[in-house]
Enquirer: 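My structure is below; once you've seen it, I'll send some questions.
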Amino acid sequence: QLQLVESGGGSVQAGGSLRLSCADSSYRSNNYCMAWFRQAPGKDREWVAYINIYGSRIEYARSVEGRFSISRDNAKSTVYLQMNSLKPEDTAMYYCAADPSGSGAVCTDSVRYYEFWGQGTQVTVSS
């Protein structure tokens, strides 16, 4: 069964960096689009970035573009989110997710297509 496990969250000051990891021991997610979402208290879950199965198609939300970088290592069945120049407004629970629909070549930022989710990792950025 596909199970996603996030790690790497923590507390940092504004301007700092964190790298989140999302591991899948089943290796099934290698065939799926993968994405990161985040959810702050009292707000809807927000798409952050996605990456296709080849690593050739990557998109970011405008709020993080130029500061965050998504990547994947299929040999380790792990997806990463490198977060630089963090801001207090980046504070949220971060979730990785897998979309099993389609070929995995073209991804979506729509939460409803992502069937598998991790438990989340908290990121807190202080000013």
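Atom set for the values below is all heavy atoms of this structure, side chains included, hydrogens, waters and symmetry mates excluded. Residues take their numbers from the sequence shown, with the count starting at 1.
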Enquirer: Donor-acceptor pairs under 3.5 Å, side chain of residues 2-9 to any protein atom, not counting sequence neighbours: which ones?
Expert:
from: Glu6; atom 1: OE1; to: Gln119; atom 2: N; distance (Å): 2.9
from: Glu6; atom 1: OE1; to: Gly120; atom 2: N; distance (Å): 2.8
from: Glu6; atom 1: OE2; to: Cys96; atom 2: N; distance (Å): 2.8
from: Glu6; atom 1: OE2; to: Gly120; atom 2: N; distance (Å): 3.3

Enquirer: If Ile, Leu, Val, Met, Phe, Trp and Tyr residues are connected whenever their side-chain heavy atoms lie under 4.5 Å apart, and connections chain through other members, are Met93 and Val64 in the same group?
Expert: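 Not linked; separate clusters.
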Enquirer: Show every salt bridge (Lys or Arg N to Asp or Glu O under 4.0 Å) that has at least one partner inside residues 100-115, sequence neighbours left out.
Expert: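 The answer is none; no pair qualifies.
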Enquirer: Please list, chain by chain and in numerical order, all residues satisfying side-chain hydrogen bond (donor to acceptor under 3.5 Å, both in side chains) with Ser103, sequence neighbours excluded.
Expert: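 Listed in chain order: nothing, the list is empty.
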Enquirer: For the CG atom of Asp24 and the CD atom of Gln1, what is their distance to the nearest 0.5 Å?
Expert: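 Between Asp24 CG and Gln1 CD, I get 10.5 Å after rounding to 0.5 Å.
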Enquirer: What residues, two or more places apart in sequence or in another chain, satisfy ring pair (Phe, Tyr, Trp, His ring centres under 6.0 Å) together with Tyr50?
Expert: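 For Tyr50 the ring pair (Phe, Tyr, Trp, His ring centres under 6.0 Å) partners, ignoring immediate neighbours, are Trp47.
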Enquirer: For Gly104 and Asn52, work out which heavy atoms get closest and say how close.
Expert: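 So the minimum-distance heavy-atom pair works out to O-CB, 3.2 Å.
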Enquirer: I need the full list of ring pair (Phe, Tyr, Trp, His ring centres under 6.0 Å) pairs touching residues 53-75, with sequence neighbours left out, sorted by first then second residue.
Expert: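 Of all non-adjacent pairs touching residues 53-75, none passes ring pair (Phe, Tyr, Trp, His ring centres under 6.0 Å).
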Enquirer: For residues 91-124, which residue pairs qualify under ring pair (Phe, Tyr, Trp, His ring centres under 6.0 Å), counting only residues two or more places apart or in two chains?
Expert: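 Listed once each, the pairs are Phe37-Tyr114, Phe37-Trp117.
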Enquirer: Between atom CE of Met34 and atom OG of Ser77, what is the distance when rounded to the nearest 0.5 Å?
Expert: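 Separation between the atoms: 7.5 Å.
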Enquirer: Strictly by salt bridge (Lys or Arg N to Asp or Glu O under 4.0 Å), give each pair with a member in residues 116-126 just once, sequence neighbours left out.
Expert: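 Sorted pair list comes back empty.
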Enquirer: Can you tell me which residue pairs pass the salt bridge (Lys or Arg N to Asp or Glu O under 4.0 Å) test with a partner in residues 72-81, sequence neighbours excluded?
Expert: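 Of all non-adjacent pairs touching residues 72-81, none passes salt bridge (Lys or Arg N to Asp or Glu O under 4.0 Å).
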Enquirer: Quick one: ring pair (Phe, Tyr, Trp, His ring centres under 6.0 Å) partners of Tyr32, sequence neighbours excluded?
Expert: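 Tyr32 satisfies ring pair (Phe, Tyr, Trp, His ring centres under 6.0 Å) with no other residue.
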Enquirer: Quick one: SG on Cys107 to CD1 on Ile51, what's the gap to the nearest 0.5 Å?
Expert: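 One finds 8.0 Å between SG of Cys107 and CD1 of Ile51.
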Enquirer: Any chance you could pull the hydrophobic cluster mates of Val106, using side-chain heavy atoms under 4.5 angstrom and chaining through other members?
Expert: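 In the cluster with Val106 there is nothing else; it is isolated.
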Enquirer: Does any part of the side chain of Asp44, heavy atoms only, come nearer than 4.5 Å to the side chain of Val111, both counted from C-beta?
Expert: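 They are not in contact (no side-chain heavy atoms under 4.5 Å apart), so the answer is no.
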Enquirer: To the nearest 0.5 Å, how far apart are CD1 in Ile70 and CD1 in Ile58?
Expert: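 Interatomic distance, Ile70 CD1 to Ile58 CD1, rounded to 0.5 Å: 6.5 Å.
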Enquirer: If I take atom CD1 from residue Ile53 and atom CG from residue Asn74, how far apart are they, to the nearest 0.5 angstrom?
Expert: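 It is 8.0 Å, given to the nearest 0.5 Å.
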Enquirer: For Ser126, which residues count as a side-chain hydrogen bond (donor to acceptor under 3.5 Å, both in side chains) partner, sequence neighbours excluded?
Expert: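 For Ser126 there are no side-chain hydrogen bond (donor to acceptor under 3.5 Å, both in side chains) partners, ignoring immediate neighbours.
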Enquirer: Donor-acceptor pairs under 3.5 angstrom involving side-chain atoms of residues 79-92: please list them, not counting sequence neighbours.
Expert:
from: Gln82; atom 1: NE2; to: Asn84; atom 2: OD1; distance (Å): 2.9
from: Asn84; atom 1: OD1; to: Ser17; atom 2: OG; distance (Å): 2.9
from: Asp90; atom 1: OD1; to: Arg38; atom 2: NH1; distance (Å): 2.9
from: Asp90; atom 1: OD1; to: Arg67; atom 2: NH2; distance (Å): 3.0
from: Asp90; atom 1: OD2; to: Arg67; atom 2: NH1; distance (Å): 2.7
from: Asp90; atom 1: OD2; to: Arg67; atom 2: NH2; distance (Å): 3.4
from: Asp90; atom 1: OD2; to: Lys87; atom 2: N; distance (Å): 2.8
from: Thr91; atom 1: OG1; to: Pro88; atom 2: O; distance (Å): 2.9
from: Thr91; atom 1: OG1; to: Val125; atom 2: N; distance (Å): 2.9
from: Thr91; atom 1: OG1; to: Val125; atom 2: O; distance (Å): 3.4

